[in-house]
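Quick notes on the structure that follows.
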Amino acid sequence: MSKPKFTREEALAFHLEPTPGKFEIKATVPMTTQRDLSLAYSPGVAVPCEDIAENPELAYDYTNKGNLVAVVSNGTAVLGLGNLGALGSKPVMEGKAVLFKRFADVNSIDIELDTEDPDEFCKAVKLMGPTFGGINLEDIKAPECFIIEQRLKEEMDIPVFHDDQHGTAVICAAGLINALHISGKKIEDVKIVLNGAGAAGIACIELLKSMGARHENCIVCDTKGVIYQGRTEGMNQWKSAHAISTDLRTLEEAMKGADVFLGVSVKGAVTPEMVEAMAENPVIFAMANPDPEITPEEAHEIRADAIVATGRSDYPNQVNNVLGFPYLFRGALDIHARAINDEMKIACAEALAELAREDVPDEVALAYGKNLSFGRDYIIPTPFDPRLIHRIPPAVARAGMQTGAARRPIVDMDSYELSLKSRMDPTASILRGINARARANQARMIFAEGDDPRVLRAAVMYQRSGLGKSLVVGRDADVKAKLEAAGMGDAVRELEIVNAANTRHLELYKEHLYGRLQRKGHDLKDIHRLAARDRHVFGSLMLAHGHGDGLITGATRKSAHVLEKINYVFDADAGSGAAGITALLHNGRIVLIADTLVHEWPDENDLADIAERGAGVARHLGLEPRVAFVSFSTFGYPVSERAEKMHIAPTVLDSRGVDFEYEGEMTVDVALNAKSQAAYPFSRLTGPANVLVVPARHSASISVKLMQEMAGATVIGPILTGIDASIQICSSVSTANDILNMAVLAACKVG
């Protein structure tokens with residue numbers, strides 16, 4: 001996977017829009033009536049308060065403590081940026097909190113402490129202990145990080161975990177288990193060289209020793225060379241614990257005959273000569289960021305038998321902490337753990353290693369654009385593997401229960417695993433798969449409205465994200481000025497700007513358009529004005545002649561107006577079988593509403609067409625379609641001629657012999673709610689519908705807007721389908737990200 005490109009302005013905009021920061025807090029209980037307020041606060045809240053005061057363990061039942069982690073930092077070692085201070089670290093800590101939620105459904109709050117004094121830091125965190133189920137320490141420089149973590153682990157009765165140390169160690173251990181499996185070596189026999197005796201390095205070597213690596217076989221190096229018994233320069237108690245009796249003094253000397261190299265140091269620390277001197281089937285984990293100690297290309301040029309991992313996403317075998325900390329905490333929280341001990345960390349590493357040896361799901365291969373199978377280039381699972389959430393936490397929980405770390409052991413592990421599967425938002429994997437397909441297709445995307453800053457920003461993001469080539473319709477000077485005003489002046493050299501004045505195809509376009517419109521009241525002057533001056537028509541003509549692979553338009557005009565212009569070039573009206581399908585994403589569900597764009601008042605045959613279009617879009621999105629024809633009546637009651645066409649439409653599909661589930665007519669609650677469907681055992685739907693075919697365009701529009709405004713649903717679409725071209729029409733209120741999403745759909749030919 002290529003490394004995403006973005007500008008400083010894009011990074012700032014990401015953190016600024018739609019609201020500053022990366023997350024918000026929402027209530028999980030109703031807060032609408034006086035009774036709600038009385039229960040949530042005074043006087044009702046007194047009841048659980050009294051019970052918790054009498055039995056503190058009840059805090060896990062009556063508060064969010066059991067699913068709440070604090071991400072705590074003082075900003076003294078932020079990423080590779082050094083000491084940025086507490087406030088400077090906040091964007092990173094917010095990001096960590098978001099990762100907890102995204103990957104393991106763990107609620108998290110970032111806390112930045114403005115002190116470099118370990119005593120003050122420990123005191124502050126300890127005082128906050130009653131609030132949280134766990135503490136994740138982050139970006140604290142060594143050696144203070146060792147002092148802080150050890151003290152807090154001793155003084156607190158909840159898990160305290162410094163991810164910079166142990167997160168890296170766990171993933172490193174998982175990769176090493178499999179690397180040694182491939183090379184046919186045992187951990188107790190191999191010679192391990194570690195370069196970088198900071199927090200992560202020390203944690204890595206300590207965990208490997210807990211797993212069976214022998215002390216005398218582990219050589220630790222820092223900027224002064226080998227850490228040997230008797231050395232005094234640059235030493236501390238944590239380094240001294242790993243000093244060995246040896247005559248070796250330099251990294252180069254240590255690397256001779258080494259089976260394993262672990263690097264958490266700096267770019268270029270390992271030379272080709274060092275790699276050449278290693279043992280057969282060497283394992284090289286060059287984990288320095290952003291640039292490894294030696295690149296995989298350099299290592300493999302010297303040793304084809306090397307197994308190489310890095311910390312980067314653009315190389316195979318990424319040692320990525322997100323594979324560890326969310327799931328470690330998930331398992332620990334679910335047993336109300338007192339700590340995360342070595343056994344739990346080892347269980348996490350072993351579960352990750354086992355997962356990498358299994359067949360990889362198709363959706364993972366799709367997301368990464370290639371087939372993955374266990375071997376030298378795949379020894380660690382990918383962060384987006386959907387199995388992580390229900391495989392790693394149970395392993396961690398079992399280890400915690402076996403070692404006495406659990407306050408409340410899990411009795412039914414099978415049910416626990418099933419509950420973990422249901423915690424994750426399925427929409428994330430679907431959207432990720434669409435992006436992967438778009439990246440593989442490398443479509444030339446026509447952005448018709450090059451005079452709009454949102455469109456230009458989306459065009460730049462499309463190209464810089466590696467999705468394909470952006471073709472922007474607009475005047476050169478105008479596009480350049482708009483890009484500069486948006487802080488993206490450098491992008492003018494990257495985009496291809498197209499207009500009637502600089503294309504050699506204008507006469508071809510006009511001839512094509514005249515052939516379609518000459519008997520529809522348009523003369524040659526009309527044709528020239530449409531082809532040369534109307535960007536929607538011009539973009540459509542580019543697409544019709546293969547001068548682009550997809551078209552994005554509609555951000556500056558009403559969709560009905562844009563659809564009319566597209567109809568000049570393509571057959572995209574109600575009589576052509578076209579339809580608009582809008583995707584609603586809300587609370588982990590995707591529901592498609594149809595038709596939201598083309599048909600004003602469809603009859604039963606139109607409705608059947610719309611159902612087929614909706615089912616097609618559902619399959620493009622990775623869903624198995626279940627179509628419901630919705631109305632205010634359910635299976636004929638109450639009787640109304642307004643609902644009759646919804647009653648007849650399924651029989652039209654019966655005659656067509658379609659290959660997807662459908663049923664109707666029914667009310668929306670019956671369509672979407674499995675419990676409501678149980679009252680109709682004859683229904684052909686095997687679960688909640690994910691495609692709703694509505695009676696008319698106005699009802700579709702009302703449904704979408706209501707969900708968007710009242711429920712906060714994410715809206716994608718309308719997705720134009722049923723025409724012989726990949727065209728997507730954006731909403732006039734679209735953001736740059738909305739427009740980019742539509743471009744991704746067009747690139748995937750969804751529709």
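Quick caveat, the model's predicted, so the values are computed rather than measured. This chain uses plain numbering: 1 for the first residue, then up along the sequence. Just so it is clear, the values below take in all heavy atoms, side chains as well, and ignore hydrogens, waters and symmetry mates.
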Result block: side-chain N/O donor-acceptor pairs under 3.5 angstrom for residues 80-89, not counting sequence neighbours:
{"residue": "N83", "atom": "OD1", "partner": "G85", "partner atom": "N", "Å": "3.1"}
{"residue": "N83", "atom": "ND2", "partner": "E116", "partner atom": "OE2", "Å": "2.9"}
{"residue": "S89", "atom": "OG", "partner": "A86", "partner atom": "O", "Å": "2.7"}

I need the full list of salt bridge (charged side-chain N to carboxylate O under 4.0 Å, His left out) pairs touching residues 151-174, with sequence neighbours left out, sorted by first then second residue.
K96-D163, D119-R151, R151-E155, D157-R407

Regarding N281 and R376, is there a side-chain donor-to-acceptor distance under 3.5 Å anywhere?
yes

Checking N178 against R357: is there a side-chain donor and acceptor pair closer than 3.5 Å?
yes

Residue pairs fulfilling side-chain hydrogen bond (donor to acceptor under 3.5 Å, both in side chains) with at least one residue in residues 123-136, sequence neighbours excluded
N136-E138

Counting distance only, does the side-chain N/O of D291 pair as donor-acceptor with the main-chain N or O of K267 below 3.5 Å?
no

Judged by modelled atom types alone, do T310 and N317 share a side-chain donor-acceptor pair under 3.5 Å?
no

Going by distance alone, is a donor N or O of one side chain under 3.5 Å from an acceptor N or O of the other, for T295 and E298?
yes

Looking at F100 versus F325, is the centre-to-centre ring distance below 6.0 Å?
yes

Suppose the criterion is side-chain hydrogen bond (donor to acceptor under 3.5 Å, both in side chains): which pairs have a residue in residues 334-346, not counting sequence neighbours?
H166-K345, S210-D342, R330-D334, D334-Y416, N341-T403, D342-K345

What I want to check is whether the side chains of E144 and T76 have a donor and an acceptor closer together than 3.5 Å.
no

I'd like to check the side chain to side chain contact (heavy atoms under 4.5 Å, CB included) partners of P143; sequence neighbours left out, ordered by chain and number.
F146, W238

side-chain hydrogen bond (donor to acceptor under 3.5 Å, both in side chains) pairs touching residues 243-259, sequence neighbours excluded, are K185-D259

Salt bridge check, K224 against D222: does any charged N sit closer than 4.0 Å to a carboxylate O?
no

If you measure only the distance, is there a donor-acceptor pair under 3.5 Å linking the side chains of D139 and S73?
no

Is the shortest side-chain N to carboxylate O distance from R391 to E417 below 4.0 Å?
no

Run the numbers on E358 and R387 for salt bridge (charged side-chain N to carboxylate O under 4.0 Å, His left out), then give the verdict.
CA-CA 11 Å; E358 298 179 6; R387 299 170 296 176; 3.6 Å; yes

